[in-house]
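Each residue takes its place number in the sequence, starting with 1. Both backbone and side-chain heavy atoms feed into the values below; hydrogens, waters and symmetry mates do not.
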Amino acid sequence: MLHTQTMRSSTRQVAPGTRLTGLRVRSAVRNVRGRQALEVVARDYPKPAFETADTFQEAQALSTKLKTAPRPAKPLKVVIAGAGLAGLSAAKYLTDAGHQPIVLEGRDVLGGKVAAWKDEDGDWYETGLHIFFGAYPNMMNVFKELNIEDRLQWKEHSMIFAMPDSPGEFSRFDFPDIPAPWNGVIAILRNNQMLTWPEKIQFAIGLLPAIIFGQKYCEEQDSLTVSEWMKKQGVPDRVNDEVFIAMAKALAFIDPDTLSMTVVLTALNRFLQERHGSKMAFLDGAPPERLCQPMVDYFTARGGELKMNARIKDIVLNEDGSVKHYKLTSGEIVEGDLYMSAVPVDILKLLVPDQWKPMRYFSQLKELEGVPVINIHIWFDRKLTTVDHLLFSRSPLLSVYADMSTTCKEYADDKASMLELVFAPAKDWIGRSDEDIIAATMTELERLFPTEIRADQSMAKIRKYKVVKTPLSVYESRAGREAYRPTQKSPISNFYLAGDFTKQKYLASMEGAIFSGKLAAEQIVNDYNLKGKLPASASSAESSSPELVAASALLALAAVGAGVVGFGQ
């Protein structure tokens, strides 16, 4: 029997508390020496005008292609395994193209890696801390096409980092509302806390090959880890300590000693070139309700179908090796005209039929495996002086965190805080007890909140907590993995793939998952709606204009201080 992606969570009630609601919260963050104050009023900012960006228009053009493609002679039934963002995206766009998706979800919750649940008190807890970027064009198109753009709560165009050597202090990178790359350049020029000018210059010199040779060079660096690349380019070690540890953990939940440099260079190209690309938004509630359910409503209203608690046991084949049907663990047989997998790569490897395993397309999947991730929620008995934004802890144990009672409408509470934190890298902690993980987290929080939190809870007290463990999450983007990522079109005539691990330019992110589902739908449209007349895909367009090369050069320097680009797996 096949089990879906393993996830375990637990709740501990520590002290009674009353949940209150409220949105407008005024909070201040002051360093312990009182030298400077950071004050933020919790309010949403207007939706960025990213529709003029080339990437958004390319994504919109692909949506239009799928929606206006010639109707098939008869709608094809496409059976999709997995109701994460990849599977739901594929189903949405297949209905746009005139087909009938049947989505099978093994669990009782939508979302896959963005799943969330309610506890006994009615409070939500999530698989991860999910951040939406302006540079996620396919995701932004989905919000627009579903008419739910108002569900994104946009924050200040800033990146805010804790200062490990100055407990309670934060270093800000505030982007002015001017075109890129100048907004990023000015953000860095205004901040000299993270790197000195000589270090910035040395790092910029190290980046010259990427600037000169572009994306081809970036892809060729996949054989090197971030640390190896920096050593090769003569970049000072302190750049790694101050910037790339935080960047690697935020991008892929692993350290720069493991992360492929291609991921970093690609991320800089994808997410820091656009005026609004690094702007961040929080969803106004839990992803299954606020994002996934509207996608389901869309395709089911147009003839699609969703089956929950429908876990696949076997992919049963015809004599020619094509898919005959999916067999569920319940014994039910699900048949269609075409089949798609949108499950995580570790589950897919268990499902691959023996007859397919010798094929390189499938055998190379063994080189991809999920990385462990731990997501933590702590409800405190008082309101902490946090900021209405994502915060980068720069901690050895924690990656990023946010006070969700301030940043998110659904979780709003003007009397008490709920911190959501990503514990990464999690490899050495995934097997530890929840009590050990919370104790380690509280020790780190004492450094981040020196005037409000003590590890022994002599100040702010824990009301309850949730520890959500995902032993195999997004594929581990270690050096050398790019060559093994499969395309959405498989060598099997009636079988397609979607998932953030498949080949697409937005890496292991929510945008990558959405885009992969869209690309898988495009492959079906090309093969069936447009059979015999296959135009160049709008999705494959790549910009190589001198303007963008220049932007990459300038923002590569600017990005050293704002080293996080692609959250939300």
Rounded to the nearest 0.5 Å, how far apart are [atom1] of [X] and [atom2] of [Y]?
{"X": "Leu85", "Y": "Phe515", "atom1": "CG", "atom2": "CZ", "result": "15.0 Å"}
{"X": "Ile374", "Y": "Trp429", "atom1": "CD1", "atom2": "CH2", "result": "8.5 Å"}
{"X": "Asn138", "Y": "Leu62", "atom1": "CG", "atom2": "CG", "result": "7.0 Å"}
{"X": "Trp124", "Y": "Met404", "atom1": "CH2", "atom2": "CE", "result": "12.0 Å"}
{"X": "Ser399", "Y": "Leu129", "atom1": "OG", "atom2": "CG", "result": "8.5 Å"}
{"X": "Leu351", "Y": "Ser341", "atom1": "CG", "atom2": "OG", "result": "6.5 Å"}

Are the side chain of [X] and the backbone N or O of [Y] linked by a donor-acceptor pair below 3.5 Å?
{"X": "Ser490", "Y": "Phe495", "answer": "yes"}
{"X": "Thr470", "Y": "Leu472", "answer": "no"}
{"X": "Tyr506", "Y": "Pro137", "answer": "no"}
{"X": "Glu199", "Y": "Thr196", "answer": "yes"}
{"X": "Gln488", "Y": "Leu519", "answer": "no"}
{"X": "His389", "Y": "Val387", "answer": "no"}
{"X": "Glu289", "Y": "Ala286", "answer": "no"}
{"X": "Asn183", "Y": "Arg275", "answer": "yes"}
{"X": "Arg290", "Y": "Gly285", "answer": "no"}
{"X": "His377", "Y": "Val467", "answer": "no"}

Could you walk me through whether Asp500 and Ser509 pass the side-chain hydrogen bond (donor to acceptor under 3.5 Å, both in side chains) check? CA-CA 7 Å; Asp500 58 16; Ser509 64; over 6 Å; no
Under the side chain to side chain contact (heavy atoms under 4.5 Å, CB included) rule, what do Val400 and Leu391 come out as? Steps first, then yes or no, please. CA-CA 6 Å; Val400 292; Leu391 298 168; over 6 Å; no
Is there a side-chain hydrogen bond (donor to acceptor under 3.5 Å, both in side chains) between Arg172 and Ser158? Walk through the geometry before answering. CA-CA 7 Å; Arg172 289 184 65 113; Ser158 302; 3.1 Å; yes
Side chains of [X] and [Y], heavy atoms from C-beta outward: is any pair under 4.5 Å?
{"X": "Gln153", "Y": "Thr407", "answer": "no"}
{"X": "Lys518", "Y": "Leu66", "answer": "yes"}
{"X": "Tyr401", "Y": "Ile378", "answer": "no"}
{"X": "Tyr465", "Y": "Ile437", "answer": "no"}
{"X": "Tyr496", "Y": "Tyr339", "answer": "no"}
{"X": "Arg447", "Y": "Glu444", "answer": "yes"}
{"X": "Ile131", "Y": "Phe282", "answer": "yes"}
{"X": "Val323", "Y": "Val79", "answer": "no"}

Can you check ring pair (Phe, Tyr, Trp, His ring centres under 6.0 Å) on Phe392 and Phe161, steps first, answer last? CA-CA 5 Å; Phe392 307 99; Phe161 293 77; 4.6 Å; yes
Examine the side chains of Glu126 and Asn375 and answer whether a donor and an acceptor come within less than 3.5 Å of each other.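 No donor-acceptor contact under 3.5 Å links the two side chains.
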Taking 4.0 angstrom as the limit, do [X] and [Y] come out as a salt bridge?
{"X": "Asp527", "Y": "Lys489", "result": "yes"}
{"X": "Lys357", "Y": "Asp354", "result": "yes"}
{"X": "Lys279", "Y": "Glu156", "result": "no"}
{"X": "Glu228", "Y": "Lys232", "result": "no"}
{"X": "Glu476", "Y": "Arg481", "result": "no"}

Looking only at heavy atoms, which two atoms of [X] and [Y] are closest? And how far apart?
{"X": "Leu88", "Y": "Cys292", "answer": "CD1-CB, 3.6 Å"}
{"X": "Met359", "Y": "Pro491", "answer": "SD-CG, 4.0 Å"}
{"X": "Ala498", "Y": "Ala520", "answer": "CB-CB, 4.2 Å"}
{"X": "Lys249", "Y": "Ala424", "answer": "CE-O, 2.7 Å"}

For salt bridge (charged side-chain N to carboxylate O under 4.0 Å, His left out), just list the numbers for Lys65 and Glu522, CA-CA rounded to whole Å, side-chain angles, deciding distance to a tenth of an Å, and then say yes or no. CA-CA 9 Å; Lys65 170 187 173 179; Glu522 183 193 26; 2.8 Å; yes
Can you list the steps and then say if Tyr475 with Val371 is a side chain to side chain contact (heavy atoms under 4.5 Å, CB included)? CA-CA 6 Å; Tyr475 75 94; Val371 65; over 6 Å; no
Taking atom NZ as the centre, does Lys503 end up with more than 12 heavy-atom neighbours from other residues, nucleotides or ligands that are less than 6.0 angstrom away?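 Above 12, so yes.
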Under 6.0 Å from the CG atom of Asp237, do we count more than 12 heavy atoms belonging to anything else shown?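 No, not enclosed.
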Determine whether the aromatic ring centres of Phe132 and Phe143 lie less than 6.0 Å apart.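 Yes: the rings meet the under 6.0 Å criterion.
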As a quick check of understanding, evaluate salt bridge (charged side-chain N to carboxylate O under 4.0 Å, His left out) for Arg238 and Asp241, giving each step before the final call. CA-CA 5 Å; Arg238 214 177 76 87; Asp241 298 337; over 6 Å; no
Matching residue for Phe253 among Leu259, Thr258, Val373 - test: side chain to side chain contact (heavy atoms under 4.5 Å, CB included):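 Among Leu259, Thr258, Val373, the one meeting side chain to side chain contact (heavy atoms under 4.5 Å, CB included) with Phe253 is Val373.
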Just do the side chain to side chain contact (heavy atoms under 4.5 Å, CB included) check on Ile492 and Trp356 with the steps written out, would you? CA-CA 9 Å; Ile492 308 303; Trp356 292 357; 3.4 Å; yes
Check the pair Glu145 / Lys92 against salt bridge (charged side-chain N to carboxylate O under 4.0 Å, His left out), numbers first and verdict last. CA-CA 10 Å; Glu145 291 161 17; Lys92 188 266 184 202; 2.6 Å; yes
Identified salt bridge (charged side-chain N to carboxylate O under 4.0 Å, His left out) counterpart of Lys505 within the set Glu58, Glu482, Glu219: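 Of Glu58, Glu482, Glu219, salt bridge (charged side-chain N to carboxylate O under 4.0 Å, His left out) with Lys505 is met by Glu58 alone.
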Checking side chain to side chain contact (heavy atoms under 4.5 Å, CB included) for the pair Val142/Tyr93: CA distance, chi angles, key distance, verdict? CA-CA 10 Å; Val142 165; Tyr93 288 107; 3.5 Å; yes
Check step by step if side-chain hydrogen bond (donor to acceptor under 3.5 Å, both in side chains) holds for Ser260 and Asp222. CA-CA 5 Å; Ser260 164; Asp222 186 54; 2.6 Å; yes
